[in-house]
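Remarks on the structure that follows.
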Amino acid sequence: MARVLGTSIKRREDPALITGRGKYTDDLQAAGMAHAAIVRSPYAHARIRGIDTSAAEALPGVLAVLTARDVAAAGIPGVVPVGWLLPDLKTPAHPMIAADTVRHVGDAVAVVVAEDRYLARDAAERVAVDYEPLDAVADVVAALEDGAPAVHEEAPGNVAFDWEIGDSESVDAAFASAANTVELDLRNNRLIPHAIEPRAVLASFDSSTGEMTIHMTSQNPHVHRLLMTLASLGMPEHKVRIVAPEVGGGFGSKIHHYADEAIVGLCSMKLDRPVKWAATRTETNLTDAHGRDHSTHCALALDADGRITGLRVDTAAAMGAYLSTFAPAVPTYLYGTLMSGQYDIPAIHCHVTGVFTHTAPVDAYRGAGRPEATYVVERLMHLAGEATGLGPVEVRRRNFVPADAFPYQTQVALAYDSGNYGPAMDRALEMIGYDDLRTEQASRRGNGGGKLIGIGFSSYIEACGLAPSAVVGSLGAQAGQWESADVRVHPTASVTVYTGSSSHGQGHETTFSQIVADKLGIAPEAVEVIHGDTDLVQFGMGTYGSRSAAVGGSAIVKSVEKIIEKGKKIAAHLLEASAEDLEFEDGSFRVAGSPDRALALGDVALQAYLAHNYPDDLEPGLSATSFYDPANFTYPFGTHVCVVEVDTETGSIDLLRYAAVDDVGNVINPMIVDGQLHGGLAQGIGQALWENAVYDDSGQLVSGSLMDYAVPKIHNLIPFELDRTTTPCPHNPLGVKGVGEAGAIASPAAVVNAVVDALAPFGISHIDMPLTPEKVWRAVNG
Amino acid sequence: MTVSIQLEVNGKPVQATVEPRRLLVHFLREDLGLTGANIGCETSLCGACTVLVDGDAVKSCTMLAAQADGASVTTIEGLARNGDLHPLQEGFWEKHGLQCGYCTPGMILSANYLLAQNPSPSDEEIREGLKGNICRCTGYHNIVEAVKYAAERMS
Ligand code: FES
Ligand code: FES
């Protein structure tokens, strides 16, 4: 049988999606369905003096208008919880509907339900809210200043938490004796995820059974069910079914539990009929958890040989108005722990202040903490290459954790299980034609022309495949980080897999079918993959943190292994052999040494269900359930090289080349893996060059639409040049590491380093993202 | 107040009465059940709702259903003929030109319009021709490949 692991099989998801038959949440209709529209605060900070709903209620076809008073009257918990706790974290309540104070533009103050989508919006406009505007602060640095408007009384100085990792004394000592130091003040720009499908929900409560089915845009239906029932609606968990139908992208934004989905659930309970809400682009941009938004001071100490002796990082990280689901983890355990990068750094200290601001919450967005860490480390490495005269390649090479040093214990908690950083750098240099590029760069500089080229590197590491439950638990997670898989072999030897890893564009159904087909020696077409439904799948942690293949895929392998073990016992009984003598290969159970004594998987499966001639001590059936909890994170790495042309007269930047060499371990479907990289690169390059969520001083989101928030378009980008090295993960059965975030993690630093490299003749060492022509022009022209 | 309209959708005659303000995209999706055209922005900026109106690629969130009176509309549901995928549909499948698929119907219909104007576009021309359609998943690399694949198949 042809091998199916490592093969670019076309996606089974696609036929429905290319013919318009795929069903996303807003495509669904239910009998008796009503439509919700949410009334939102136009102010970043205000007291609610009163709400007059009468004009809205008077409109024919309006079914209900609910406010915070109705949430209280319903006797439900009514809040949106945070799912990750840090020591001394301030956790002010986040009410589903604001009661007396609104804390960001877009905070929900009321909801209107009507017979029709248009009518609901008409009525929402008639809800009259009497606001007393208060001073607001949207900027992460300004929010820490003395006298800044307070977002929550419980959080003096707007500090949500104060966190550190590493050893500051040894870092001080490293700086005191350094031959060279470089330092940098940088901003990591706030991003809006922009899944092209805005968030949506269809909640259907049935009072006759007390059950509610919620179809929604979710990356993790079971996590949503838990948070929705426990903290928001107060329903028994087993009475709520959450289904994620087709989900139109997430990038983190559909991990989190939001007020809106809970509000729609409450509407359905109140009205006892299905209620649908689909966010407009503006709404989703005002309320989706944003990403990044750091202000950082960082510095690197090096000895006379260009070896790093210390790294110091101090970051203010915006949390927004409320703590979103995993928000506290992102700038701490997914950021500070990554500060060693690919390098052997003997002393590291990272201090992070979590800051409340009158803005949308900030939480995990593709990469989540790791792009920010990579940006710090790789910008500093660029400066170190300049300061030491070693250049960007040699300074990195000299500091790489050597290939023979793994497992490698960093100074910031993580222990890298494997790695081999040199070959990825070598290959990247070869692909890009490095020496020729430097020659061209020099000749352009010599010519004194206005168009300079620059070459930028980013050698990144990520910790993904989130991860051992006990470890994340000890760090504050209020959830486990395993994954489940239930694999059922049917009597005819076709297979259904129920996985807790829910797909939203990654092609899990294709990839997971390849894993099962390979292990069981059957065709991928004989494997069905079910996900995204809390009634069908017993429990699952979902899809984020590049964990699906490494954790979800490994759970599937574990179940398949159990099935093979059981199958051996059944086959041994039928073949009158001992189970220890049986081998399973290419879909058959064989007695070792006598190849003619064999039974196909199908024969064994049928007997497992007939159980007529069957071992006494075995239960009938051929299925297995596993919960896989990994032993460690996985550590993908790679080197990316970006080449840009900068027009010093206009400040505009042209991407010329982008080469990425990634080591994501073994690859199940190369086509899908490449596609994940492409998408991540587009988002990371977008962050570097165009994307920026801008709040003005009064807390208005001035880049809230696609008109003023520049999501990369097709003509902005170039073809990507990809290659791989392969260092399998040593601790999971597939040797896979995860790929969903690599592109977004590596690329911002590569792009900025390239632009700064181009502008070196002007003595420019840093420009904050996004590198708009205006900023570049101003830097060049002093 | 309502208006009566008559149009052709995917080759079939359709008659309806709609509110004058009803957007074509809502008419297609909710009244006719053709949910292939997706809504990503409602402001004619993302292209997810693109359909063909008398052969032109049109963002159906910025056209009223009433304006489609007398027109011939093709949605993604009407692209395959007799169960055979259109070469663009094949190309997107073959070249992994989609991930979540939300932008895909609009992307395919815009590409269809592009190829009708320019049957063998260069990479640059493809990137120019599709700049009204946003995809957040693919980085566009494979979308260019998909359109080239279709152009070759159609020539
Ligand atoms: S929904 Fe029509 S262009 Fe975005
Ligand atoms: S495939 Fe997801 S937006 Fe294009």
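Below, each value reflects all heavy atoms present in this structure, side chains not excepted, and no hydrogens, waters or symmetry copies. The chains referred to below are lettered A, B, ... by the order of the sequence lines, with proteins before strands, and numbering in each begins at 1.
Looking at B:E94 and A:K10, their side chains come closer than 4.5 Å, going by heavy atoms from C-beta outward. Using a 4.5 Å heavy-atom threshold, the side chains of B:I134 and A:L706 count as touching. Inter-residue side-chain proximity for A:I18 and B:L85 is flagged as met; some heavy-atom pair is nearer than 4.5 Å. Residues A:I714 and B:K131 meet the side-chain proximity criterion, which asks for heavy atoms closer than 4.5 Å.
Between the side chains of B:Y140 and A:H715, not a single donor N or O lies within less than 3.5 Å of an accepting N or O.
Heavy-atom distances place both the backbone and the side chain of A:L717 under 4.5 Å from chain B. Contacts of A:Q29 with chain B are made by side-chain atoms alone, with heavy-atom separations under 4.5 Å and no backbone atom involved. For A:Q676, the parts sitting under 4.5 Å from any heavy atom of chain B are the backbone and the side chain alike. Contact of A:H194 with chain B is made through backbone and side chain together, with heavy-atom distances under 4.5 Å. Only the side chain of B:T104 comes within contact range of chain A, judged by heavy atoms closer than 4.5 Å. Looking at B:I143, only its side chain comes within 4.5 Å of chain A, counting heavy atoms on both sides. Residue contact with chain B, scored on non-hydrogen atoms closer than 4.5 Å, is absent for A:I685.
Under 4.0 Å is where a charged nitrogen must lie from a carboxylate oxygen, and between B:E77 and A:R21 no such pair does. Under the 4.0 Å criterion applied to side-chain N and carboxylate O atoms, A:R281 and B:E42 are not assigned as salt-bridge partners.
No donor-acceptor pair under 3.5 Å is formed between the side chain of B:Y102 and the backbone N or O of A:V247. At distances below 3.5 Å, at least one donor-acceptor pair connects side-chain atoms of B:W93 with backbone N or O atoms of A:R11. Panel note: side chain A:Q683, backbone B:R136; a donor-acceptor pair is recorded below 3.5 Å.
Ring-plane geometry between A:F720 and B:H141 is classed as parallel, the angle between the planes falling under 30 degrees on a 0 to 90 degree scale with a further cut at 60.
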Would A:R117 and B:E30 count as a side-chain contact (heavy atoms from CB on, under 4.5 Å) if you check the C-alpha gap in whole Å, the side-chain angles of each, and the deciding distance to 0.1 Å? CA-CA 10 Å; A:R117 188 191 289 264; B:E30 294 178 357; 2.5 Å; yes

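The CD atom of B:E19 sits 8.5 Å away from atom CG of A:L119, with the distance rounded to the nearest 0.5 Å.
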